[in-house]
Amino acid sequence: MDFSVQNLAELGKVACHRAYHGEDLTDLLLPPPRLREVLLVAVELGTRPVTLDEGFALVVANWHASGDFSRQTQDRLGEIVAHAVARARHLGVTHFDATFDEQVCAKFIRSPVSSTLKTPSASTMHLRRSALRACFHTLRRMDHFSGDPTLDIVLPPRSQLAARMATDDEMVLLRMNAVASRESRQPMTLVLAEAMATSSECPRVRIEDLDDLENPTAVALPGGKGVRPRTNPLTPWGIRMTRAWVKARLDAGAAPSAPLVYFGDKPEGASPQVSVCRALDSIFRRAGLGKERDLKPRSIGFWAGRQAFEAATEYRLEAAANAMGIKSLDKAARRIDHSWESL
């Protein structure tokens, strides 16, 4: 199919309808050269406001192409954005422009759950807001939207914990907002946090602690107070970030024994740890998550512990505890929001 601006809206209409009903979009977007052509059309559109259907097609195509998060998460966020588009259209919005404002977003985020007509839970509202933020971020990156009308929408916390596990949708936002500049170490700091490195371990991880400097897939973590040394896998997103970062560091003359993300002389102590926390805090703020009182830098490691738990075929809680470097199964269960009753 010879793709053009004219048939982008038609593809978006079909994709939005299918996503709204929870159907898979893979066959619409992935067969070559469809995905590439969809993204090339974004350039043809220039800076004019895109229609809701055009914007939806560009967003889901970009998500499929980026590989920043799992297909399951892409489908889930796509379904939510499709519902948001339907709600916006009902309110008279036709384009991704200034009319898709805070009021429209708030009405969707707080709209009743259709199956029960009940007020949505805090988790549902947070998930809806995250999906909209991911959508707006993607369109901004392609110069088809400005600002973020969800930034001033305050929601109740997802939990009453001092620090809870980050959710999949929040991890999407953190990855999207990790890259502040090409030289920034913040993406690599997030990579280590996803590998369950603590804030005190991150500055002490060396380039040579990676299993392969050209094609890294895992990193050896040094351990510390209350945390055992261990080797953890990198996420697929982390592998891509690490490969580019290490090449740039080595090309610039860094020795393999140099710290991976810390540029100071002494990676031990409180100051390097504070530096790591500040880097992660910056990502949280750009992602619009800086005001979530129960979301902390260590929430990323809790999320990763849950991934280790889900990936294990046996002794799942032990696998999560080992990956996090802790001995207590009770502590591991609390961090990954696991109930012993579900064993």
Side-chain angles (χ1 to χ4, degrees), residues 35-36 39-40 42-43 62-70 137-138 140-143 171-224 229-287 297 300-301 304 307 323:
L35 183 58
R36 177 179 59 83
L39 296 177
L40 286 174
V43 179
N62 185 280
W63 290 352
H64 276 69
S66 71
D68 286 350
F69 41 99
S70 70
H137 177 91
T138 302
R140 283 200 309 274
R141 195 161 54 187
M142 293 187 286
D143 293 324
M171 292 305 301
V172 168
L173 292 176
L174 292 175
R175 289 174 181 174
M176 284 182 167
N177 288 275
V179 182
S181 67
R182 184 168 297 180
E183 297 78 19
S184 173
R185 65 190 174 96
Q186 291 180 10
M188 198 62 226
T189 305
L190 180 59
V191 168
L192 290 180
E194 286 190 354
M196 286 171 274
T198 65
S199 57
S200 64
E201 288 179 300
C202 283
R204 294 184 287 124
V205 174
R206 299 162 298 177
I207 297 175
E208 62 190 7
D209 289 329
L210 296 165
D211 61 335
D212 187 317
L213 299 191
E214 293 186 359
N215 294 292
T217 61
V219 60
L221 303 177
R230 65 243 183 252
T231 297
N232 283 339
L234 303 174
T235 64
W237 177 80
I239 290 173
R240 293 197 307 277
M241 295 295 106
T242 304
R243 186 185 297 121
W245 177 256
V246 170
K247 184 180 185 304
R249 291 291 311 278
L250 295 178
D251 288 350
S257 60
L260 187 61
V261 298
Y262 184 66
F263 294 156
D265 296 329
K266 297 180 180 180
E268 306 279 351
S271 180
Q273 184 175 357
V274 170
S275 176
V276 167
C277 290
R278 285 177 177 170
L280 293 174
D281 284 340
S282 294
I283 301 173
F284 275 80
R285 287 195 300 273
R286 287 198 301 275
I300 301 167
Q307 306 311 301

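All figures in this text were calculated on a predicted structure; none of them were measured in a lab.
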Next on the checklist: Restricting to non-hydrogen atoms, name the atom on A255 and the atom on I207 that form the minimum distance, rounded to 0.1 Å.
Outcome noted: O-CD1, 3.7 Å
Checklist entry - Is the backbone of I283 close enough, under 3.5 Å, to the side chain of N177 for a donor and an acceptor to pair up by distance? => result no
Residues 197-204, side-chain donor-acceptor partners within the protein, below 3.5 Å, at least two apart:
| residue | atom | partner | partner atom | Å |
| --- | --- | --- | --- | --- |
| T198 | OG1 | S200 | OG | 3.1 |
| T198 | OG1 | E201 | N | 3.2 |
| T198 | OG1 | E201 | OE1 | 3.3 |
| S199 | OG | Q273 | NE2 | 3.0 |
| E201 | OE1 | T198 | N | 2.9 |
| E201 | OE1 | R230 | NH1 | 3.3 |
| E201 | OE1 | R230 | NH2 | 3.0 |
| E201 | OE2 | G223 | N | 2.7 |
| E201 | OE2 | R230 | NH1 | 2.6 |
| R204 | NE | S200 | O | 3.1 |
| R204 | NH1 | G223 | O | 3.2 |
| R204 | NH2 | G223 | O | 2.5 |

Checklist entry - Are I239 and L234 close enough, and set up right, to give a side-chain contact (heavy atoms from CB on, under 4.5 Å), and what steps lead you there? => result CA-CA 6 Å; I239 290 173; L234 303 174; 3.8 Å; yes
Checklist entry - Which heavy-atom pair separates L213 from L210 by the least distance, and what is that distance? => result CD2-CB, 4.2 Å
Checklist entry - Should the pair R175-E194 be classified as a salt bridge under the 4.0 Å nitrogen-to-oxygen rule? => result yes
Checklist outcome for this item: For R140, the side chain to side chain contact (heavy atoms under 4.5 Å, CB included) test, sequence neighbours excluded, returns F136, H137, F145, D148
Next on the checklist: Would the distance check show the side chain of D211 and the main-chain N or O of P216 forming a donor-acceptor pair, the cut-off being under 3.5 Å?
Outcome noted: no
Checklist entry - In chain order, what residues pass the salt bridge (Lys or Arg N to Asp or Glu O under 4.0 Å) check against R278, with sequence neighbours excluded? => result none
Checklist outcome for this item: side chain to side chain contact (heavy atoms under 4.5 Å, CB included) filter on T189, not counting sequence neighbours, yields R185, V261, V276, A279, L280
Checklist outcome for this item: What one should report as the nearest heavy-atom pair of S66 and R240 is O-NH2, 3.2 Å
Checklist outcome for this item: Those residues at least two apart in sequence (or on a different chain) that pass side chain to side chain contact (heavy atoms under 4.5 Å, CB included) with A304 are M196
Item to check | By salt bridge (Lys or Arg N to Asp or Glu O under 4.0 Å) - contacts of R249 (at least two apart) | outcome: none
Checklist entry - Under the side-chain contact (heavy atoms from CB on, under 4.5 Å) criterion, do M171 and W237 qualify, and how do the steps go? => result CA-CA 11 Å; M171 292 305 301; W237 177 80; over 6 Å; no
Item to check | Residue list, side chain to side chain contact (heavy atoms under 4.5 Å, CB included) with L40, at least two apart or on another chain | outcome: R36
Next on the checklist: Quick one, T138 and W63 - any side-chain contact, counting heavy atoms below 4.5 Å?
Outcome noted: yes
Checklist entry - Taking the inter-plane angle between the rings of F263 and W245 on a 0 to 90° scale, is it parallel (under 30°), tilted (30 to 60°) or perpendicular (over 60°)? => result parallel
Item to check | Spatial distance of atom CZ (F69) from atom CG (L174) [nearest 0.5 Å] | outcome: 12.5 Å
Checklist entry - For S271, which residues count as a side chain to side chain donor-acceptor pair (under 3.5 Å) partner, sequence neighbours excluded? => result none
Checklist entry - For T242, which residues count as a side chain to side chain donor-acceptor pair (under 3.5 Å) partner, sequence neighbours excluded? => result none
Checklist entry - Taking only residues two or more places apart in sequence or in another chain, which ones pass side chain to side chain donor-acceptor pair (under 3.5 Å) with R141? => result N62
Next on the checklist: For a 4.5 angstrom cut-off between non-hydrogen side-chain atoms, does Q186 reach R286?
Outcome noted: yes
Checklist outcome for this item: Looking only at heavy atoms, the pair that brings N232 and A195 closest together is ND2-O, 2.9 Å
Next on the checklist: Would you compute the distance between atom CG of L221 and atom CG of D209 and round it to the nearest 0.5 angstrom?
Outcome noted: 8.0 Å
Checklist entry - Mind checking whether P222 and V205 have side chains closer than 4.5 Å, heavy atoms only? => result yes
Checklist entry - Residues in salt bridge (Lys or Arg N to Asp or Glu O under 4.0 Å) with R243, at least two apart? => result none
Item to check | R206 side chain near L260 side chain, heavy-atom distance below 4.5 Å | outcome: no
Item to check | E214 and V246: CA distance, side-chain angles, deciding distance, side-chain contact (heavy atoms from CB on, under 4.5 Å) verdict | outcome: CA-CA 8 Å; E214 293 186 359; V246 170; over 6 Å; no
Item to check | Any side-chain heavy-atom pair of I300 and L190 under 4.5 Å | outcome: yes
Checklist entry - Between V172 and D68, is a side-chain contact (heavy atoms from CB on, under 4.5 Å) present by the stated rule, with each step listed? => result CA-CA 7 Å; V172 168; D68 286 350; over 6 Å; no
Next on the checklist: For Q307, give me all partners under side chain to side chain donor-acceptor pair (under 3.5 Å), at least two apart in sequence or on another chain.
Outcome noted: none
